[in-house]
Amino acid sequence: MHIFPQLRKLEEKYARELTVVGVHSAKFTAEKQTENLRRAVLRYEIDHPVVNDRDFQVWQQYGVRAWPTLMFIDPTGNVVGKHEGEFPFDALDGFIASMVAEGDELGTLSKTELEFRPEREREWDRALSFPGKVLADAPNDRLFIADSNHNRIVATILDGHAVRTIGSGVAGLADGGFDTAEFHDPQGLALFGTTLFVADTKNHAIRAVDLESKVVRTVAGTGSQATMYGESGTGPQTALSSPWDVALSDGSLYIAMAGLHQLWRLDLATGHVMPHAGSGRERIVDGPLLAAQLAQPSGIATDGDALYFTDSETSAVRQADTDVAGSVKTIVGTDLFAFGDVDGVGDEVRLQHPLGIDVDEGTLYVADTYNNRIKHVSPVTRRASALLGSGVAGHEDGPASLSRFYEPGGISMSGGYMFVADTNNHVIRRVDLESLVVDTVEIVGLG
């Protein structure tokens with residue numbers, strides 16, 4: 001997802017010279033299904049054609065070795081370049097410019113602009129669009145929803161009646177009042193008194209929403225993606241990379257920094273932000289906090305004593321100490337390529353790209369995203385089992401085992417209920433923890 005903004009700039013600059021074709025060679029089983037891929041194309045607002053290379057045929061034909069890989073093909077069909085990994089825009093801009101100049105000189109370049117019908121044109125308006133995370137505050141009858149693809153936060157009472165929206169809905173990075181502030185794909189939420197903290201993912205920033213003065217400000221992140229691991233500093237002067245979720249504990253805001261494969265910590269008293277766990281190398285290795293290796297942490301929660309997080313690329317649930325002298329340990333999950341849908345204990349458990357997590361009375365509740373289920377996990381016994389969802393993608397309310405979700409991304413526990421951001425269904429689901437009956441929260445009153 002980090003290369004999409006760069007590709008979009010190139011597509012706009014060279015609209016008559018460059019054609020981008022995405023080739024999706026899936027790692028996870030769920031990602032091989034064309035409808036799931038179509039939803040991802042919508043979620044990431046991709047307008048160029050995308051091929052579902054589910055059997056890795058294109059991957060093998062082009063000798064690809066890594067995600068992402070860029071192949072450059074000239075107007076005569078010859079491969080003239082290859083790049084593995086992320087890239088700075090300027091370097092690629094120069095290369096494309098030289099290819100265009102050469103094509104013009106040889107007379108091989110056609111400048112007929114191609115037209116494609118993007119998937120988004122087949123969609124319709126909804127109250128929510130791919131909500132990524134949700135935060136319930138039952139004592140105050142409040143629900144905060146990261147309305148991610150609408151680039152805003154929606155605040156409702158628990159029954160779904162809208163109170164206000166936070167953010168103009170325009171994708172951007174702008175502080176200010178609720179009507180003019182701008183977000184870009186907000187995800188995780190955490191509440192501290194009258195301040196709502198937001199992981200503003202595509203802005204690579206942490207935003208603070210003052211619910212009393214109705215003002216949004218940036219407390220960490222420059223708006224540009226960090227390229228180095230461990231560059232700590234004053235919040236607004238320190239670059240971050242795809243913060244996906246946040247959790248509060250003892251005066252610190254802990255950040256699941258998916259883009260750097262780390263957990264970070266923002267000291268709310270000093271405004272200083274720094275790595276807390278993870279070396280930056282993408283693997284699953286336990287040990288001392290900054291020596292441990294994580295893989296795209298995308299959900300984080302705390303019980304006040306420990307941090308619990310979903311390590312999405314290793315399909316794992318892991319635990320980290322808040323004490324800087326502490327360590328990281330794995331509850332379930334074993335490897336970057338070990339995933340599935342298997343209940344059990346410890347290393348026999350298999351999840352598939354979990355994104356959301358919360359903790360309630362010693363039990364972890366996990367959005368097992370690509371399995372379309374909600375699991376409960378014991379951090380003590382390491383037992384994990386399905387709680388909600390049939391495992392088949394869909395939108396069905398009712399008893400636990402008959403209910404259906406579609407790539408749920410966030411969970412929040414409060415007041416005897418579980419609220420789930422059911423991302424691909426564009427809705428919030430509510431679960432009575434006593435009866436385990438699922439229903440859908442009807443969002444009403446949005447302007």
Side-chain angles (χ1 to χ4, degrees), residues 1-11 18-34 36-37 40-41 43-44 46 48-74 77-96 99 201-202 204 224-230 239 241-242 244 256-262 278-285 292-298 310-316 333-340 352-355 369-370:
M1 61 177 282
H2 287 160
I3 72 169
F4 294 150
Q6 313 291 17
L7 287 176
R8 194 167 289 115
K9 291 179 186 177
L10 292 170
E11 290 176 283
L18 172 69
T19 299
V20 174
V21 178
V23 180
H24 178 71
S25 306
K27 167 185 169 180
F28 292 100
T29 304
E31 293 175 330
K32 296 182 179 183
Q33 299 174 26
T34 298
N36 292 349
L37 173 58
V41 165
R43 190 164 61 248
Y44 292 113
I46 297 169
H48 57 248
V50 179
V51 178
N52 188 357
D53 184 33
R54 63 167 63 87
D55 298 319
F56 280 66
Q57 292 180 1
V58 180
W59 175 288
Q60 293 168 1
Q61 289 167 359
Y62 281 85
V64 176
R65 302 178 301 176
W67 293 285
T69 294
L70 301 178
M71 306 296 299
F72 302 91
I73 302 171
D74 72 10
N78 294 313
V79 176
V80 296
K82 176 181 180 180
H83 177 80
E84 295 178 345
E86 297 173 20
F87 59 88
F89 172 79
D90 292 341
L92 204 54
D93 183 28
F95 182 70
I96 297 296
M99 288 183 66
T201 301
K202 287 184 183 174
H204 310 289
S224 297
Q225 182 190 349
T227 57
M228 299 293 291
Y229 303 111
S241 182
S242 296
W244 213 278
M257 197 74 72
L260 296 176
H261 309 300
Q262 294 178 308
S279 67
R281 188 174 181 185
E282 185 182 19
R283 287 179 62 193
I284 182 167
V285 176
Q293 295 174 17
L294 319 183
Q296 199 176 306
S298 301
T310 53
D311 222 20
S312 301
E313 281 299 304
T314 54
S315 297
T334 60
D335 188 76
L336 276 166
F337 291 89
F339 55 86
Q352 188 177 184
H353 203 269
L355 288 177
T369 306
Y370 283 179

Which heavy atom of [X] sits nearest to which heavy atom of [Y], and what is that distance?
{"X": "Ala316", "Y": "Gly333", "answer": "CB-CA, 3.8 Å"}
{"X": "Pro354", "Y": "Ser315", "answer": "CD-CA, 3.5 Å"}
{"X": "Arg65", "Y": "Lys82", "answer": "NE-NZ, 4.4 Å"}
{"X": "Ser279", "Y": "Gln293", "answer": "OG-CG, 3.5 Å"}
{"X": "Ala239", "Y": "Ala226", "answer": "O-CB, 3.4 Å"}

Any side-chain to backbone donor/acceptor pair from [X] onto [Y]? Under 3.5 Å, distance only.
{"X": "Lys9", "Y": "Asp93", "value": "no"}
{"X": "Lys202", "Y": "Pro5", "value": "no"}
{"X": "His24", "Y": "Val51", "value": "no"}
{"X": "Trp59", "Y": "Val64", "value": "yes"}
{"X": "Trp67", "Y": "Ser25", "value": "yes"}
{"X": "Thr369", "Y": "Leu355", "value": "yes"}
{"X": "Thr314", "Y": "Leu336", "value": "no"}
{"X": "Asn52", "Y": "Gln33", "value": "no"}
{"X": "His353", "Y": "Phe339", "value": "no"}
{"X": "Asp311", "Y": "Ala295", "value": "yes"}

Side chain proximity check, [X] to [Y], heavy atoms < 4.5 angstrom:
{"X": "Pro297", "Y": "Ser312", "value": "no"}
{"X": "Leu37", "Y": "Val50", "value": "yes"}
{"X": "Thr310", "Y": "Trp244", "value": "no"}
{"X": "His204", "Y": "Ser242", "value": "yes"}

[atom1] of [X] to [atom2] of [Y]: how many Å apart, nearest 0.5 Å?
{"X": "Leu70", "Y": "Phe95", "atom1": "CG", "atom2": "CZ", "value": "10.5 Å"}
{"X": "Glu86", "Y": "Ile3", "atom1": "CD", "atom2": "CD1", "value": "8.0 Å"}
{"X": "Phe56", "Y": "Lys32", "atom1": "CZ", "atom2": "NZ", "value": "6.5 Å"}
{"X": "Leu260", "Y": "Leu294", "atom1": "CG", "atom2": "CG", "value": "10.5 Å"}
{"X": "Gln225", "Y": "His2", "atom1": "CD", "atom2": "NE2", "value": "4.0 Å"}
{"X": "Tyr370", "Y": "Glu31", "atom1": "OH", "atom2": "CD", "value": "3.5 Å"}

* If a pair satisfies salt bridge (charged side-chain N to carboxylate O under 4.0 Å, His left out) and one of its residues is in residues 52-64, list it, with sequence neighbours excluded. => none

* Structure fact -> By side-chain hydrogen bond (donor to acceptor under 3.5 Å, both in side chains), Gln352 pairs with (sequence neighbours left out) Asn371

* Asked: Can you list the steps and then say if Leu18 with Leu10 is a side-chain contact (heavy atoms from CB on, under 4.5 Å)?
  -> CA-CA 8 Å; Leu18 172 69; Leu10 292 170; 3.9 Å; yes

* Are there more than 12 heavy atoms of other residues, nucleotides or ligands under 6.0 Å from atom OH of Tyr62? -> no

* Does the side-chain contact (heavy atoms from CB on, under 4.5 Å) test come out yes or no for Val80 and Met99, once each step is laid out? -> CA-CA 9 Å; Val80 296; Met99 288 183 66; 3.6 Å; yes

